[in-house]
S.K.: 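I have a structure I would like to understand better, so I am pasting it below and will then ask my questions one at a time.
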Amino acid sequence: DGGITQSPKYLFRKEGQNVTLSCEQNLNHDAMYWYRQDPGQGLRLIYYSQIVNDFQKGDIAEGYSVSREKKESFPLTVTSAQKNPTAFYLCASSMGTARHNQPQHFGDGTRLSIL
Amino acid sequence: QKEVEQDPGPLSVPEGAIVSLNCTYSNSAFQYFMWYRQYSRKGPELLMYTYSSGNKEDGRFTAQVDKSSKYISLFIRDSQPSDSATYLCAPYGGKTSYDKVIFGPGTSLSVIP
């Protein structure tokens with residue numbers, strides 16, 4: 001079954017700690033995305049990647065970092081510089097970023113909380 | 001003005017009712033319109049994907065786009081308890097090679113048996 005797998009489902013971060021959220025897809029999609037979801041707000045784009053070894057900042061990239069070494073994988077690191085990391089993090093993928101390839105498919109998210 | 005706005009709800013309806021979920025947007029360049037359904041503690045799943053103005057029907061769901069008013073609607077016929085979820089509208093499509101999808105904050109729907 002093709003899909004997007006995010007792990008872990010729940011994650012706790014201590015002060016000053018970096019944590020990494022995993023995202024893997026087997027849909028053979030070129031583009032991958034990371035969003036943050038807070039109550040009452042729309043999904044906000046953190047980073048996106050259109051192709052392996054390339055990624056771009058989204059609207060709220062400060063305090064986050066990503067890598068795209070393999071087509072299937074797009075891990076997100078929440079660094080200690082992100083002062084308000086408590087949120088629901090969603091990873092998505094699409095065939096591409098051109099208009100016709102845009103419908104995105106989502107994983108089931110990782111909920112990050114501060115200890 | 002926010003780019004995409006939705007009434008947050010919650011909207012509560014009896015089973016079998018017709019539900020109307022609405023969304024307004026400000027960017028007249030949007031050409032593609034998506035609706036996602038999100039169950040609690042899950043990721044959004046794509047429900048409907050339409051291009052430009054007009055209607056699109058898929059089973060009990062109908063998406064309607066009025067670009068002149070910048071108004072998008074999702075209708076659910078014969079609503080079921082399993083339709084209880086948050087519905088996100090997501091328009092995109094401008095003139096650049098990368099067209100960012102803008103997600104609305106969502107409307108929470110509860111269908112009461």
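Within every chain, numbering begins at 1; the chains are lettered A, B, ... in the order of the sequence lines, protein sequences first and strands thereafter.
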S.K.: Who in residues 51-61 of chain A is close to chain B, using a strict under-4.5 Å heavy-atom cut-off?
M.R.: A:Asp59

S.K.: Among the clusters formed by ILVMFWY side chains lying less than 4.5 Å apart, do B:Phe61 and B:Ile72 turn up in the same one?
M.R.: yes

S.K.: Could you pull out the closest heavy-atom pair between B:Tyr92 and A:Pro103, with the gap in Å?
M.R.: OH-CD, 3.9 Å

S.K.: Would a hydrophobic clustering, with Ile, Leu, Val, Met, Phe, Trp and Tyr connected at side-chain separations under 4.5 Å, put B:Tyr36 with A:Tyr33?
M.R.: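 Same cluster.
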
S.K.: A:Leu112 and A:Leu76: same hydrophobic cluster, using ILVMFWY side-chain contacts below 4.5 Å?
M.R.: yes

S.K.: Please report the interatomic distance NZ(B:Lys42) to CG(A:Leu90), rounded to the nearest 0.5 Å.
M.R.: 12.0 Å

S.K.: Flag yes if A:Leu11 and A:Ile46 sit in one hydrophobic cluster, no otherwise; membership is Ile, Leu, Val, Met, Phe, Trp, Tyr, and two members link when side-chain heavy atoms are under 4.5 Å apart.
M.R.: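 A:Leu11 and A:Ile46: one cluster.
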
S.K.: Return the CD to CZ distance between A:Gln104 and B:Phe103, rounded to the nearest 0.5 Å.
M.R.: 5.0 Å

S.K.: With a 4.5 angstrom heavy-atom cut-off, is it the side chain or the backbone of B:Tyr39 that approaches chain A, or both, or neither?
M.R.: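 Neither part, no heavy atoms under 4.5 Å.
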
S.K.: At a heavy-atom separation under 4.5 Å, does B:Gln38 approach chain A through its side chain, its backbone, both, or neither?
M.R.: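 For B:Gln38, the side chain is the part near chain A, not the backbone.
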
S.K.: Does any backbone or side-chain atom of A:Tyr10 lie under 4.5 Å from a heavy atom of chain B? Answer side chain, backbone, both or neither.
M.R.: side chain

S.K.: Let me know if A:Leu43 has heavy atoms under 4.5 Å from chain B in its side chain, its backbone, both or neither.
M.R.: both

S.K.: Using non-hydrogen atoms and a 4.5 Å limit, figure out which bit of B:Pro44 sits close to chain A: side chain, backbone, both or neither.
M.R.: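 Both backbone and side chain.
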
S.K.: Looking at A:His105, A:Gln37, A:Arg44, which makes the most heavy-atom pairs under 4.5 Å with chain B?
M.R.: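 So the answer, after comparing A:His105, A:Gln37, A:Arg44, is A:Gln37.
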
S.K.: Would a single hydrophobic cluster contain both A:Phe106 and A:Tyr64, if residues Ile, Leu, Val, Met, Phe, Trp and Tyr are joined by side-chain heavy-atom contacts under 4.5 Å?
M.R.: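 They do not share one cluster, since no chain of ILVMFWY contacts under 4.5 Å joins A:Tyr64 to A:Phe106.
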
S.K.: Decide if atom CD of A:Glu62 counts as having more than 12 heavy atoms of other residues, nucleotides or ligands within a radius under 6.0 Å.
M.R.: no

S.K.: Heavy atoms only: give me the nearest A:Arg111-B:Arg41 pair and the separation to one decimal.
M.R.: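 Between these two residues, the closest heavy atoms are NH2-CG, 4.4 Å.
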
